[in-house]
S.K.: 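Have a look at the structure that comes next, please.
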Amino acid sequence: KRVAILISGGGSNMLALLDSMAEAGHPATPCLVASNDPEAPGLARAAARGVATGAVDHRPFGKDRAAFEAELQALIAAHDADMICLAGFMRVLTAGFVTPWSGRMINIHPSLLPKYRGLHTHARVLEAGDAEHGCTVHEVTPELDDGPILGQARVPVKPGDTPEILAARVLEMEHKLYPTVLRRFAAGDRRPVWLP
Ligand code: GRF
């Protein structure tokens, strides 16, 4: 399976996926790392690993999401991708982009979905006083942070946690969960992954 990975920033999840796909016998190979931000630091990190990169700056398109998504789709199609991994990709994608990729696009979200869809999940968990938190890999549907769950990983919330400390603990688990799910998903196995 040829995988296109979409990022918006540092791309730590993207790097974890690249490292995993470099292992012998992995059913997937990265064909593109692309971003909505041409300056995304993850692009240089992907290029340093010999992976093709690209960017479609979303800013010139203003509110015209469809025009931005048409460019992004063209870039992905030009690299013959079979599936997409969203990894710290911070743009909402419309049904026009998502639907043709139905069943072939997955995302990682830093919460135990269906709790805490959207942004600032770590602060919201602390605000709520939850005892545990975590991350979820799910199939992407037009509904934000919705879609069939492919895996979850749990971490404890600890006394004195700040959003930053908690985010770092979750991110570490993201780097374990996402590669585990991708390896299964790329082999056509949709059995969910539960960590630890
Ligand atoms: C992090 O907040 C992560 O939880 C979420 O996207 C953000 C950036 O991740 N998935 P990355 O380092 O760019 O993969």
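Order of appearance sets the numbers: ligands from 1, and atoms from 1 within every ligand. One-based numbering along the sequence shown.
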S.K.: Is any N or O atom of Gly11, backbone or side chain, closer than 3.5 Å to an N or O atom of ligand 1?
M.R.: yes
S.K.: Is Val181 reachable from Val155 through a run of hydrophobic residues whose side-chain heavy atoms are each under 4.5 Å from the next?
M.R.: yes
S.K.: If you have a sec, work out which protein heavy atom is nearest atom 12 (O) of ligand 1 and how many Å separate them, to one decimal?
M.R.: Ser12 OG, 2.6 Å
S.K.: Checking contacts here: is it the side chain or the backbone of Glu174 that comes within 4.0 Å of ligand 1, counting heavy atoms only? Could be both or neither.
M.R.: side chain
S.K.: Can you pull out the closest protein heavy atom to atom 2 (O) of ligand 1? Residue, atom name and distance to 0.1 Å, please.
M.R.: Pro110 CG, 4.6 Å
S.K.: If two hydrophobic side chains count as joined below 4.5 Å and joins carry through other members, does Tyr116 share a cluster with Leu113?
M.R.: no
S.K.: Could you check whether Asp37 and Ser8, counting side-chain N and O atoms only, form a donor-acceptor pair closer than 3.5 Å?
M.R.: no
S.K.: Salt-bridged, Arg117 to Glu143, with N to O below 4.0 Å?
M.R.: no
S.K.: What residue and atom, counting heavy atoms only, is the protein's closest point to atom 6 (O) of ligand 1, and at what distance?
M.R.: Gly88 CA, 3.3 Å
S.K.: Find all atoms of ligand 1 within a distance of less than 4.0 Å from any non-hydrogen atom belonging to Ile108, and give their numbers and elements.
M.R.: 10 (N)
S.K.: Quick check: are there more than 12 heavy atoms from other residues, nucleotides or ligands sitting under 6.0 Å from CD of Gln73?
M.R.: yes
S.K.: Considering only protein heavy atoms, determine whether one is less than 4.0 Å from atom 4 (O) of ligand 1.
M.R.: yes
S.K.: N/O of His122 under 3.5 Å from N/O of ligand 1, yes or no?
M.R.: no
S.K.: Does any N or O in the side chain of Arg124 come within less than 3.5 Å of the main-chain N or O of Leu119, such that one atom is a donor and the other an acceptor?
M.R.: yes
S.K.: Are side-chain N/O atoms of His109 and His138 paired as donor and acceptor at under 3.5 Å?
M.R.: no
S.K.: Checking a contact table here: which protein heavy atom is nearest atom 1 (C) of ligand 1, and how many Å away?
M.R.: Leu171 CD1, 4.2 Å
S.K.: Suppose we measure from atom 14 (O) of ligand 1 to each protein heavy atom; which comes out shortest, and what is that distance?
M.R.: Asn13 N, 2.8 Å
S.K.: Regarding Arg49 and Asp19, does a basic nitrogen lie under 4.0 Å from an acidic carboxylate oxygen?
M.R.: yes
S.K.: Under a heavy-atom criterion of less than 4.0 Å, does Ile7 contact ligand 1?
M.R.: no
